[in-house]
Amino acid sequence: MAKPNRGKTLKTLPSRGRSTCPLCKRTGIKVIRETKIDEQTIKTCKECFKTEENKKS
């Protein structure tokens, strides 16, 4: 069965959640995961989010 709500939150974001990642500088990538770095919360891509989470552990 199809899922009617798939991607609904991305459609409400500007540019469908795509932007430039502040850490790896990739362009046109989904930047929706929040990462806390140096007491600041920034939105990063999936790959940078994974590496930052591994550094915390």
Side-chain angles (χ1 to χ4, degrees):
M1 291 210 52
K3 298 185 191 260
N5 296 326
R6 183 176 290 169
K8 189 175 185 179
T9 57
L10 287 177
K11 291 179 183 177
T12 60
L13 295 174
S15 299
R16 305 253 195 261
R18 293 183 182 271
S19 181
T20 303
C21 179
L23 295 179
C24 64
K25 307 294 188 220
R26 289 187 196 175
T27 58
I29 193 167
K30 289 182 189 172
V31 182
I32 55 175
R33 291 170 173 80
E34 292 186 355
T35 305
K36 189 172 184 179
I37 299 175
D38 298 332
E39 301 299 324
Q40 290 181 338
T41 303
I42 59 172
K43 291 191 174 192
T44 59
C45 65
K46 184 178 181 180
E47 289 78 18
C48 292
F49 176 76
K50 286 181 188 177
T51 57
E52 290 300 318
E53 288 297 314
N54 286 337
K55 287 179 184 178
K56 290 179 184 177
S57 321

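- Interatomic distance, CZ of Arg33 versus CD of Glu53, reported as 11.0 Å (0.5 Å rounding).
- Annotation: the span from Ile29 atom CD1 to Cys48 atom SG amounts to 7.5 Å, rounded to 0.5 Å.
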Indicate every side-chain donor-acceptor pair of residues 10-23 with a distance under 3.5 Å to a residue at least two apart or in another chain.
residue, atom, partner, partner atom, Å
Thr12, OG1, Thr9, O, 2.7
Arg16, NH1, Lys11, O, 3.4
Arg18, NH1, Gly28, O, 3.1

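- Ion pair Glu52/Lys55 flagged as a salt bridge, since at least one NZ, NE, NH1 or NH2 atom sits closer than 4.0 Å to an Asp/Glu carboxylate oxygen.
- Distance check, rounded to the nearest 0.5 Å: CD1 of Ile42 to NZ of Lys36 gives 12.5 Å.
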